[in-house]
Amino acid sequence: MKSLSEKGVRRILMAVAFSAISALLLITLFIINEGVPFIFKYGVGNFLFSSDWHPQQMKFGIFPMITASLWVTFGAMLLGAPLGVAVALFLSEYVPRPIMRIIKPTIELLAAIPSVVYGFIGVIVLAPLIRNYLGGPGLSLLSGSIILGIMILPTVISISIDSILAVPQSYREGSLALGATTWQTINMVTVKASKSGIIASIILGLGRAIGETMAVIMVAGNSVNMPHSALDSVRTLTANIALEMSYATGLHRQALFATGVVLFVGIIILNSIASIALRKRMVKG
Amino acid sequence: MFKKYFFLSAMLLTLLTMFFGCGKAKVPITMAGSTAFQPFAEKLADQYMQSHNNVTITVQGGGSAVGIQSANSGAAQIGMADLVTLPQEAKSLDAIVVAKDGIAVVVNPKNTVTNLTTDQVRDIFNGKITNWKELGGLDAPITVVSREAGSGTRSSFEQIIKDINLKRDALIQDSNGTIRETVANDANAVGYISHGLINEKVKALKIDGQESTAESITSGKYKLVRPIFLLVKGQPQGEIKNFIDYILSSEGQQTIKSNGLLPAK
């Protein structure tokens, strides 16, 4: 009797696990089915490397959007990754543990703020500042990067702290006993030992930054334009899909699904590069 | 405990079903399309259903393209579109003009420019004029704000102004409301929104010397006007015809007028 219920639970859990995987599979198949035929009909080169996006005139080139997505994400990482890791190190190594246990959940709450709110703050506070002090329209690549950089902070900080805290206390004690200062210990022992976790946190942040839609639509200005400076307005791949999906029909709609395919492939490539780099590091270490 | 609640809620559900099941079956009407006319359609539908409780009218958005598509496919009995000229796909549909909407070119209240010609508007959106100085304003770069491709407001605007090839670095916003917000926040911005949505945060410019008032729009003096169409497959009949007649009646037109759009006639 007991083994029967044991088996039942096993079956149910397996079904649940497979339903999650099959949802992923179905989404992938659906996007590929809707988007890939268009890419080949329109021409891979034309679609990926032309910068003319005029759906009304049947011109679908997404090169500006690809460039914009990469730049905005790069900018966000430039701001969010060092800041996040620094905050994580400070909170785990310099701040007394009881205080850290209060601050960490507070930072994690940042992740619970809806992206519309981040976008709103970007529009009301950040964009006018950039417009008044740096020039340009304000809604720009720079404001998109800054908002995304802030949005990935909770992910980077929280996972980095977890991996830094997982470093055995004896490592630190050994280093300090050899006469190293606190900073030398952090730099040469703690960070080295928790490197894989820190990199993983940055990769997760990267995933969030490249996939974010709402906040970017609100703060990046959305013009289909090759950015010449950080103050230019840009449209990311995600923004392109979300902006035009409600009106799109026929070929235009297929082109948006194809944009989704490009985004999907891009994220897979970025993630694999990151995880390969991660594995190499771990083998070396 | 659980059983008791379960029984109670089941009873309640049965009662509710019986209650709503009573009376005659209602005639369903679905409207879909233009987001500019959607709030008006909802209001009109509410009013109509209060006096005619034999119909239920569902109003959906989706944009003018969706309106034409769903009227064609039968997904909606009435499609809504706000385009100056209807595309080829809509030729087989019966189109009825139920309202008019002016498109206002808006700038920040701080802007000193008050009047633009059609040619100037075209040059601004094409990127030929890039500084307010050239238009008699302050020495500041112009930030052009437009709608996304496929928007009814945008295609109407571009058809009336003619030969618009939107400059590449124009900002794109996805609704009348966000354009208004962008223009209200940026002293150098220019955009276009539905006449009914002008408020004190933005300033509407005169076009060719004509202000975008209700009078000048209805009389045809103000140039940037688009009709709002209801599209029906075949001749409208029965309840659908009654509802459209209601929208065109003085009561329906009054509702349209008092909420910011302009009556058809």
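Computed over heavy atoms, backbone and side chain alike; hydrogens, waters and symmetry mates excluded. Chain letters run A, B, ... following the sequence lines, proteins first and then strands; every chain starts at 1.
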In this structure, CG of A:Asp52 is separated from CZ of B:Arg168 (nearest 0.5 Å) by 5.0 Å

Is there side-chain contact between B:Glu181 and A:Val123, with at least one heavy-atom pair below 4.5 Å? no

For B:Ser155, is it the side chain, the backbone, both or neither that has a heavy atom under 4.5 Å from a heavy atom of chain A? neither

Report which part of B:Arg147 has an atom under 4.5 Å of a heavy atom belonging to chain A: side chain, backbone, both, or neither. side chain

Using side-chain heavy atoms (C-beta onward) and a distance below 4.5 Å, is A:Asn240 in contact with B:Glu148? no

With a 4.5 angstrom heavy-atom cut-off, could you sort out which part of B:Ala170 is near chain A: side chain, backbone, both or neither? backbone

Is any side-chain heavy atom of A:Leu139 less than 4.5 Å from a side-chain heavy atom of B:Gln173? yes

Looking only at A:Pro137, A:Ala127, A:Gly135, most heavy-atom pairs under 4.5 Å shared with chain B are made by A:Pro137

Relative to chain B, which of A:Ser223, A:Gly221, A:Pro128 shows the most heavy atom pairs under 4.5 Å? A:Ser223

Do you know the tightest heavy-atom contact between B:Ala149 and A:His252? O-CE1, 4.3 Å

Check whether any side-chain heavy atom of B:Asn185 lies under 4.5 Å from a side-chain heavy atom of A:Arg131, and answer yes or no. yes

Spacing of B:Leu166 atom CG and A:Gln56 atom CD [to the nearest 0.5 Å]: 11.5 Å

